[in-house]
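Predicted, not measured: the structure shown is a model, and the values here were computed from it. Only heavy atoms go into these numbers, but all of them, side chains included; no hydrogens, no water, no symmetry mates. Just so we're on the same page: letters track the sequence lines, and every chain starts at 1.
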There are 2 protein chains.
Amino acid sequence: MQRKSFSKMQCPVARGLDRIGEWWSILIVREALHGLTRFDQFEQSLGIAPNMLTRRLAGLVKAGILEKRRYSDRPPRYEYVLTECGRDFQPVIIAMHAWGNRHFAPEGQSVVLVNARTGKPADPVVVDRNSRRPLVDSEFRVAAGPAAVARTRRKMAASAWGIAQNPPLPAKRKSRTPA
Amino acid sequence: MQRKSFSKMQCPVARGLDRIGEWWSILIVREALHGLTRFDQFEQSLGIAPNMLTRRLAGLVKAGILEKRRYSDRPPRYEYVLTECGRDFQPVIIAMHAWGNRHFAPEGQSVVLVNARTGKPADPVVVDRNSRRPLVDSEFRVAAGPAAVARTRRKMAASAWGIAQNPPLPAKRKSRTPA
DNA sequence: CAGTATCCTGTCCGATACTG
DNA sequence: CAGTATCGGACAGGATACTG
């Protein structure tokens, strides 16, 4: 029972972590977003051990983030391409990239995002699609979504949902013995 | 030598993962962004074992993401508050949140971001701060930053830097000749 | 209440060797 | 070339007991 399945949680962040929580998985997806598709491409660019790569790749396929596709028959060959779900992970990568660049680049930013045409560096921010206003905590908060309100009766750790209580934060009874 | 230190890599994503790569760490930061500061708040809202919490908390402090602050002397009491670096992690959380909501919410979105005043749900996107244009791969690409160009002579796996080769995308060769 | 100390299990990950 | 098989170490994570 090593890892409590985060998927049990209602929090979408936890659910996501259940799919790509491992270090390599994220880096593999990053490479895939760069266009890599084949085993040895990942192996070489990441310097990952082949068995680990096999495992992570299989995990990502099972999680629905990558799709394994046979692209050659005579010698059976497969390629790994991102699903829509995998491609949708890009904003997370970009956000992580920006964060890393800002705080963990002692010698300066070694890698930056640039506009493909102008070549001008980009500065990634997360905004609301409609208002285009930055999503900062002062202006936005998390709330129960449609699916949650439909079953508010259920007793759960609200914070684990990603739901911030507006008031202080109630003491959450949580029996340590589920069953 | 269990985990190859990702910090060795020049890739900012890898460096970031070196700091908050563990599952719990991310969830702890998420809770901290919600305003939690004390040990038992984290413990209860996450349902995490106390020793794990101690370890992750210590790790986050060492990574410079949380700061441990004594807020009471008579009974020595500490609180854990986000550093600037930790607060800057919020966009990543938001992006992950959106991703999880989009793809792993079978029964509908249980948690959504809303505008604090209007209550209207927000739809997070990553854009360039200046142009406000969405950062999609068709329009943007990664490139060597200032720190990288200064030592281009060094031989490294380019992709591990997060540097995409300018041409179409190196892996995109659709050559039907596997080997 | 706010943690620390111990012990244990699972598994992430690396290294290496092997196969069609 | 594109992986699979096997081995072993380190540590995340869980359960429990204990302390000021």
Side-chain angles (χ1 to χ4, degrees), chain A residues 1-6 8-9 14 17-28 36-61 66 68-80 171-179, chain B residues 1-6 8-9 14 17-28 36-63 66 68-80 171 173 175-179:
Chain A
M1 191 221 296
Q2 191 231 24
R3 171 162 313 122
K4 110 168 12 183
S5 172
F6 286 123
K8 301 271 199 53
M9 298 190 189
L17 286 176
D18 223 29
R19 266 90 174 182
I20 37 87
E22 293 92 20
W23 286 268
W24 282 127
S25 298
I26 293 184
L27 295 181
I28 288 170
L36 303 203
T37 60
R38 279 166 27 214
F39 194 90
D40 80 317
Q41 291 178 331
F42 291 115
E43 188 179 6
Q44 305 215 357
S45 88
L46 290 171
I48 184 176
N51 55 350
M52 275 316 304
L53 183 54
T54 297
R55 270 205 292 246
R56 297 292 103 228
L57 246 21
L60 288 168
V61 167
L66 287 180
K68 184 174 188 173
R69 220 146 54 181
R70 156 174 249 141
Y71 70 91
S72 161
D73 274 328
R74 249 189 1 308
R77 291 287 182 267
Y78 297 92
E79 62 181 352
Y80 301 86
K172 208 64 66 192
R173 266 223 334 240
K174 177 105 174 349
S175 85
R176 223 77 192 33
T177 35
Chain B
M1 193 218 295
Q2 190 230 25
R3 169 161 316 122
K4 112 167 11 181
S5 171
F6 286 123
K8 299 272 199 53
M9 299 189 188
L17 285 176
D18 224 29
R19 268 88 173 182
I20 39 84
E22 292 95 18
W23 287 267
W24 283 127
S25 298
I26 294 184
L27 295 180
I28 288 171
L36 303 204
T37 60
R38 281 171 20 219
F39 193 91
D40 79 318
Q41 292 178 329
F42 291 114
E43 187 181 7
Q44 305 219 354
S45 89
L46 290 171
I48 185 178
N51 55 349
M52 276 313 307
L53 184 53
T54 297
R55 274 205 294 246
R56 297 293 99 225
L57 247 22
L60 288 167
V61 167
K62 194 163 133 212
L66 288 181
K68 184 174 187 171
R69 219 145 57 179
R70 155 174 250 142
Y71 69 92
S72 161
D73 275 327
R74 248 189 0 307
R77 290 287 182 269
Y78 298 92
E79 62 180 351
Y80 301 87
R173 271 222 341 238
S175 94
R176 250 51 180 66
T177 38

_Tell me every residue that passes salt bridge (charged side-chain N to carboxylate O under 4.0 Å, His left out) with B:R38, counting only those two or more places apart in sequence or in another chain._
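Only B:D40 meet the salt bridge (charged side-chain N to carboxylate O under 4.0 Å, His left out) criterion with B:R38.
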*Can you name the side-chain contact (heavy atoms from CB on, under 4.5 Å) partners of B:T37, sequence neighbours left out?*
B:Q41, B:E79, B:V81
*side-chain contact (heavy atoms from CB on, under 4.5 Å) with A:P50: which residues, sequence neighbours excluded?*
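For A:P50, the residues satisfying side-chain contact (heavy atoms from CB on, under 4.5 Å) (neighbours in sequence not counted) are A:F39, A:E43.
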What is the distance from [atom1] of [X] to [atom2] of [N], rounded to the nearest Å?
X     : N      : atom1 : atom2 : value
B:W24 : C:dT11 : CH2   : P     : 16 Å
A:R56 : C:dT11 : CZ    : P     : 11 Å
A:D18 : D:dA12 : CG    : P     : 18 Å
A:W23 : C:dG14 : CH2   : P     : 10 Å
B:M52 : C:dT11 : CE    : P     : 15 Å
A:L46 : C:dC13 : CG    : C1'   : 14 Å
B:R55 : C:dC8  : CZ    : C1'   : 11 Å

Grab the N/O contacts between the protein and nucleotides 1-5 of chain C below 3.5 Å, and write none if there aren't any.
{"unit_1": "C:dA2", "atom_1": "OP1", "unit_2": "B:R38", "atom_2": "NE", "d": "3.3"}
{"unit_1": "C:dA2", "atom_1": "OP1", "unit_2": "B:R38", "atom_2": "NH2", "d": "3.2"}
{"unit_1": "C:dA2", "atom_1": "OP2", "unit_2": "B:D40", "atom_2": "OD1", "d": "3.0"}
{"unit_1": "C:dA2", "atom_1": "OP2", "unit_2": "B:D40", "atom_2": "OD2", "d": "3.2"}
{"unit_1": "C:dG3", "atom_1": "OP2", "unit_2": "B:Y78", "atom_2": "O", "d": "3.3"}
{"unit_1": "C:dT4", "atom_1": "OP2", "unit_2": "B:T54", "atom_2": "OG1", "d": "3.1"}

*Treat a base pair as Watson-Crick or G-U wobble with both distances under 3.5 Å, then lay out DNA chain D in dot-bracket form, 5' to 3', with | for cross-strand pairs.*
||||||||||||||||||||
*asked:* If I compare all heavy atoms of A:S72 with all of A:P75, which pair ends up nearest, and what's the gap?
replied: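 It is OG-O, 2.8 Å.
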*Grab the two heavy atoms, one from A:I48 and one from A:F42, that are nearest each other, plus how far apart they are.*
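Where A:I48 meets A:F42 most closely, the heavy atoms are CG2-O, 4.1 Å.
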*Find the distance between CG (B:L27) and OG (B:S45) and round it off to the nearest 0.5 Å.*
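So the CG of B:L27 and the OG of B:S45 are separated by 9.0 Å.
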*Which residue pairs satisfy the salt bridge (Lys or Arg N to Asp or Glu O under 4.0 Å) criterion with at least one member in residues 45-56 of chain B, sequence neighbours excluded?*
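Qualifying pairs: B:E22-B:R56.
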*Can you spot which of A:I20, A:L36, A:L46 makes a side-chain contact (heavy atoms from CB on, under 4.5 Å) with A:I28?*
A:L46
